[in-house]
Amino acid sequence: MRIDRILANNPGAFTGPGTNTWILDDGNGSVVVIDPGPVDSKHARSILESVGTRTLVGVLVTHTHSDHAPLANPIARDMGVPAVGYAPGPSFQPDIKLLEGARFGVGDLDLEVIHTPGHSKDHLCFRARNVLFTGDHIMGGSSVMVEEMGPYLRSLEKLRGTGLERMHPGHGDEMGDPDGVIDWYLAHRLQRHEQILGAIEGGAGTIPEIVEIVYADVDSSLHPLAARSVQAHVTLLQDEERIALRGDRLVAAPSPQ
Ligand SMILES: [Zn+2]
């Protein structure tokens, strides 16, 4: 098994150094492309040069966000291979849909498909032996934007203790010690959860007010992104009946008698 990374030229606040496109080879010249990235002819050329004379069997996407999936259909079409993902998205149409527990063969390798909703509903991780391609579920060197907190935490717990040895994320560097990284992510999220509850108990009643308090140390250009994760925490706190809406203000729920 051999894994190569090609960095897309889309660095930014949401993408870090840019999107990682991974080329996974079974060791015998059968390859898949994972997360080809945004439509960019130079990046497409770099991907095809890296594939070279090897046998491409598919173009996979971890999810359909615009920094991961739009180049999948063009490359798949050009190469006569299927575009593969969980579901259609804004600029992605899967030829093959993979659900939880599905397998995708890459020559001698059997990729295991793990549905990991949270960052997005359509998010998949791909496991090859003890290596996991994590997309935006787990990033190298930062926490991620979360759309749905309950599913996100369950999607982290699902990966813990499963014998993983390395993780290759959609952004940032590859990581060792997956269980340690997952524990950090869970601890970070639970800490944010309590901070947000604390902010509401302290009188913050709207998402922007909570962001101002909880993300005071984070550059304000990232506050819109933070607001989405705060909303996901607030929804979970409501589901947990720890907070409630009074008029248009969030308030701490009275503790159960
Ligand atoms: Zn994403």
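Just so it is clear, the values below take in all heavy atoms, side chains as well, and ignore hydrogens, waters and symmetry mates. Not measured: the values here are computed from a predicted model.
A side-chain hydrogen bond (donor to acceptor under 3.5 Å, both in side chains) with His171 is found for one member of Asp67, Thr15, Asn20 and no other, namely Asp67.
No donor-acceptor distance shorter than 3.5 angstrom exists from the side chain of Asn73 to the backbone of Ala76, with no hydrogens or angles considered. Looking only at distances, a side-chain donor or acceptor of Asn10 sits under 3.5 Å from a matching main-chain atom of Thr19. Judged purely by atom type and a 3.5 angstrom limit, Asp95 uses its side chain to pair as donor or acceptor with the backbone of Ala83. Listed for the Ser30 side chain is no donor-acceptor partner under 3.5 Å among the backbone atoms of Asp26. The main-chain N or O of Ala187 is never found under 3.5 Å from a side-chain atom of Gln191 such that the two would form a donor-acceptor pair. Remark: the backbone N or O of Pro36 is paired with a side-chain donor or acceptor of Thr21 at under 3.5 angstrom. Using a distance-only test at 3.5 Å, with no hydrogens or angles considered, no donor-acceptor pair links the side chain of Ser155 to the main chain of Gly118. Judged by distance alone, with hydrogens and angles left aside, the side-chain atoms of Asp35 form no donor-acceptor pair with the main-chain N or O of Gly37 at under 3.5 Å. No donor-acceptor pair under 3.5 Å is formed between the side chain of Asp219 and the backbone N or O of Leu222. Panel note: side chain His123, backbone Asp136; a donor-acceptor pair is recorded below 3.5 Å.
The ring of His115 has its center closer than 6.0 angstrom to the ring center of Tyr86. Checked against the 6.0 Å centroid criterion, the rings of Tyr152 and His137 qualify as a close aromatic pair.
Closest heavy-atom contact between Ser229 and Met145: OG-CA, 3.5 Å. Across all non-hydrogen atoms, the minimal contact from Ala69 to Thr64 is CB-CA, 3.7 Å. Counting all heavy atoms, side chain and backbone alike, Met139 lies closest to Pro169 at CA-CB, 3.8 Å. Shortest non-hydrogen contact noted between Ala204 and Ile210 is CB-CG1, 3.9 Å. Shortest non-hydrogen contact noted between Thr134 and Gly170 is OG1-N, 4.4 Å. Here the closest heavy-atom approach between residue Ala232 and residue Val146 is recorded as CB-O, 3.4 Å.
Residues Leu71 and Ile47 have side chains in contact (heavy-atom distance under 4.5 Å, counting atoms from C-beta outward). By the 4.5 Å heavy-atom criterion applied to side chains, Val181 and Ile138 are counted as neighbours.
Residues meeting the side-chain contact (heavy atoms from CB on, under 4.5 Å) test with Asp173, sequence neighbours left out: Arg5.
By the rule that hydrophobic residues join a cluster once side-chain heavy atoms approach within less than 4.5 Å of another member, Leu164 and Phe133 end up as members of separate clusters. Under a hydrophobic-cluster definition in which Ile, Leu, Val, Met, Phe, Trp and Tyr are linked whenever side-chain heavy atoms come within less than 4.5 Å, directly or via other members, Ile207 and Leu197 are assigned to the same cluster. Hydrophobic clustering (side-chain heavy atoms under 4.5 Å, transitive across Ile, Leu, Val, Met, Phe, Trp, Tyr) keeps Leu109 apart from Val61. By the rule that hydrophobic residues join a cluster once side-chain heavy atoms approach within less than 4.5 Å of another member, Val131 and Met167 end up as members of separate clusters. Hydrophobic cluster membership differs between Leu111 and Val81, with clusters built from Ile, Leu, Val, Met, Phe, Trp and Tyr side chains linked at under 4.5 angstrom.
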Start with the C-alpha distance between Arg166 and Glu174, add both sets of side-chain angles, then the distance that settles salt bridge (Lys or Arg N to Asp or Glu O under 4.0 Å), and finish with yes or no. CA-CA 7 Å; Arg166 294 202 76 75; Glu174 64 171 277; 2.5 Å; yes
Could you walk me through whether Thr206 and Arg249 pass the side-chain contact (heavy atoms from CB on, under 4.5 Å) test, one step at a time? CA-CA 6 Å; Thr206 65; Arg249 311 262 318 158; 3.7 Å; yes
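Using a 4.0 Å cut-off between charged side-chain N and carboxylate O, Glu148 and Arg154 make no salt bridge. Using a 4.0 Å cut-off between a side-chain N of Lys or Arg and a carboxylate O of Asp or Glu, Asp179 and Arg160 do not qualify as a salt bridge. Ion pairing of Glu112 with Arg129 is absent here, as no side-chain N (NZ or NE/NH1/NH2) approaches a carboxylate O to less than 4.0 Å. With salt bridges taken as basic N to acidic carboxylate O contacts below 4.0 Å, one links Lys158 and Glu100.
Counting heavy atoms of neighbouring residues, nucleotides and ligands inside a 6.0 Å radius, atom CZ of Arg246 does not exceed 12 of them. The environment of CG in Asn9 is sparse: at most 12 heavy-atom neighbours from other residues, nucleotides or ligands sit within 6.0 Å.
Contacts classified as ring pair (Phe, Tyr, Trp, His ring centres under 6.0 Å) and involving residues 201-248 (residues at least two apart or in different chains) are given here: His193-His233.
With rounding to the nearest 0.5 angstrom, the CD1 atom of Ile243 is 4.5 Å from the CG atom of Leu237.
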